[in-house]
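Following: one structure in structure tokens, then a few remarks.
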Amino acid sequence: MRFESPKTTREAVALLAKEKGSAYVLAGGTDLLVRMKTGLIEPDLVVDIKRISAMQSIKTTASGTRIGAAVSGAELGENKKLKKAWPGVVEATNLIGSDQIQGRCTMVGNLCNASPAADSVPALMAARAKAVVVGKNKRRTVAVEKIITGPGETSLAKGEIIEAIILPRRSTKSGDAFLRFIPRTEMDIAVVSAGISLTLARGVIKSARVALGAVAATPLLVPAAARAIIGTKLDDVALEKLAAACSAACKPIDDKRGTIEYRTKVVGVLACRAAKIAYQRAGDA
Amino acid sequence: MPGLLVSTTVNGDAIEFVCPQDETLLDSLRDRVGLTGVKEGCGTGDCGACSITLDGRLVCSCLVLGAEANGREIETVEGLADGDKLHPLQDKFIEYAALQCGICTPGFLIAAKALLDRNPNPTVEEIRYGLAGNLCRCTGYDKIVRAVQAAAKQMRKK
Ligand SMILES: Cc1cc2nc3c(=O)[nH]c(=O)nc-3n(C[C@H](O)[C@H](O)[C@H](O)COP(=O)(O)OP(=O)(O)OC[C@H]3O[C@@H](n4cnc5c(N)ncnc54)[C@H](O)[C@@H]3O)c2cc1C
Ligand code: FES
Ligand code: FES
């Protein structure tokens, strides 16, 4: 295996494109190194992106907040401005693993690892986040929900790298939240999870996005669940419809963490709780 | 594939080593630098026995490549004591009998130090969350949490 640590995105893309064998981007390595160690993959080339300056910063501009692909979970959690603007995205990312894992893991690594249970992904989808994808000859901006295509599968072409995540600017009366259910309180994989982002106008939900994790082959964006609460003040009827829409959308598996029946029921409960937190945050904003 | 020359600072000393490009930092530290306080429990990020700080951040060295450490600063359990004078966390781990076989201890000490650097007066709950990435299979967590509380108290006095 060859290790490279380029200084620019362009160099990184060129290295990946040129490699004839198997080539992988290394962000925090908390998925990649586990897969290397357990023999699931044997890379010929590993390209470390942590020395690329365009991937290291968090910047807020007129159009939104740009978070570099190499920014760790711990760094996100220490960014007070981001935590205030997007508490749901930050709390979802900070749920990944232990403090040790937080010191390394990235949102983009979480996204590209493409686990159905990836914690930051539903929060990013609810936030209408976009990924800046850089390839050999072009750069494109893609909605986060278009990246994961199946368990462990993404729509990225060979040699393409995600340089950053962009969170849009939103009205001040907005809030987001993410909740995950696990049997213990730390260090476990989600049984189900829900991320919700919403914007209020005079207490009424003007727009909303609802995304669910661990209830299908990929994290799911559920427009019907958003429609159930748009135009409401999140009264009991709206919450009931939200839960029903979430349960209807999920296609979970049966495994040791939870049965299909259990996941289908609990996802609605979590979505309602997350919606209440997001609503409260939007009201306080 | 040739080995890579890696220049790092380990516990304040400039250290160079040559390692295969796919070697973990855990293996480099143990086998090339000779710092066997860094332990391997699981090798997959779950147990925290290999905890170190890398540029001040708590990480599992089993999930870092040796090559990634080039130009970076590493702290391991060997750097905790000041000569013969143990760090308050080490003192309190002994006083509270917070170890039995000891394989988890270096990782707990490093993780606890990282926690106290950030939060000098943590609640029991904060200690338990802060140390959730470290597993102990023989002592149990109660004595470890008490030792960390006692060390925190002593460190706040200074
Ligand atoms: C002990 C432990 C606990 C964990 N707990 C959780 C948890 O609670 N929740 C959870 O969701 N996950 C968890 N994980 C999984 C993992 O930590 C996360 O998925 C993490 O976000 C991965 O980020 P990374 O930067 O370490 O990714 P890496 O391992 O560096 O990369 C992951 C994949 O994405 C690709 N990739 C990375 N960056 C880019 C990029 N910029 N462009 C293109 N491709 C890229 C890599 O090539 C690789 O295939 C855990 C892992 C461990 C070891
Ligand atoms: S050996 Fe690194 S976490 Fe267990
Ligand atoms: S003392 Fe033996 S594992 Fe903790």
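Below, read A as the first sequence line, B as the second, and so on, with proteins coming before strands; counting in each chain starts at 1.
Heavy-atom contacts from other residues, nucleotides or ligands closer than 6.0 Å to CD of Glu95(B) number more than 12. Around the CD atom of Glu126(B), the shell of radius 6.0 Å holds more than 12 heavy atoms that belong to other residues, nucleotides or ligands. With a 6.0 Å radius and a threshold of 12 heavy atoms from other residues, nucleotides or ligands, Arg146(B) has its CZ atom at or below the threshold. The number of heavy atoms from other shown groups lying within 6.0 Å of NZ (Lys113(B)) does not exceed 12. The environment of Arg32(B) atom CZ is dense: over 12 non-hydrogen atoms of other residues, nucleotides or ligands sit within 6.0 angstrom. Taking a 6.0 Å sphere around NZ of Lys158(A), one finds it holds more than 12 heavy atoms contributed by other residues, nucleotides or ligands.
For Arg104(A) and Glu68(B), the salt-bridge test passes: some basic side-chain N is under 4.0 Å from an acidic carboxylate O. Salt bridge status for Glu23(B) with Lys37(A): absent, with no side-chain N to carboxylate O gap under 4.0 Å.
Between chain A and the residues Val64(B), Ile110(B), Leu131(B), Asn134(B), the most heavy-atom pairs under 4.5 angstrom are made by Val64(B). Contact count against chain B (heavy-atom pairs under 4.5 Å) is highest for Glu75(A) among Arg184(A), Glu75(A), Met36(A).
The closest side-chain heavy-atom distance from Thr44(B) to Leu33(A) is not below 4.5 Å. When side chains are defined from C-beta on, Asp99(A) counts as touching Arg118(B), because their heavy atoms get closer than 4.5 Å. Between Glu186(A) and Arg128(B) there is no side-chain heavy-atom pair separated by less than 4.5 Å.
Rounding to the nearest 0.5 Å gives a distance of 8.0 Å between CZ of Arg2(A) and CD of Gln21(B). Here Phe3(A) contributes atom CZ and Asp22(B) contributes atom CG; the two are 11.5 Å apart, rounded to the nearest 0.5 Å.
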Please step through side-chain contact (heavy atoms from CB on, under 4.5 Å) for the pair Val59(B) and Ile101(A), ending with a clear verdict. CA-CA 6 Å; Val59(B) 303; Ile101(A) 301 297; over 6 Å; no

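Proximity to chain A (any heavy atom under 4.5 Å) is shown, for Thr53(B), by neither the backbone nor the side chain. For Ile52(B), no part lies under 4.5 angstrom from a heavy atom of chain A. If you measure heavy-atom distances from Glu78(A) to chain B, the contacts under 4.5 Å come from the side chain alone. For Leu26(A), the part sitting under 4.5 Å from any heavy atom of chain B is the side chain, from C-beta outward, and nothing else.
Contact between Ala132(B) and Ser98(A) at its shortest, heavy atoms only, is C-CB, 4.5 Å. When all heavy atoms are compared, the tightest approach of Ser51(B) to Gln100(A) is OG-NE2, 2.9 Å. Taking both residues in full, the closest heavy atoms of Ala74(A) and Arg57(B) are given as CB-NH1, 3.5 Å, listed atom of the first, atom of the second, then distance. Closest heavy-atom contact between Leu63(B) and Thr30(A): CD1-CA, 4.0 Å.
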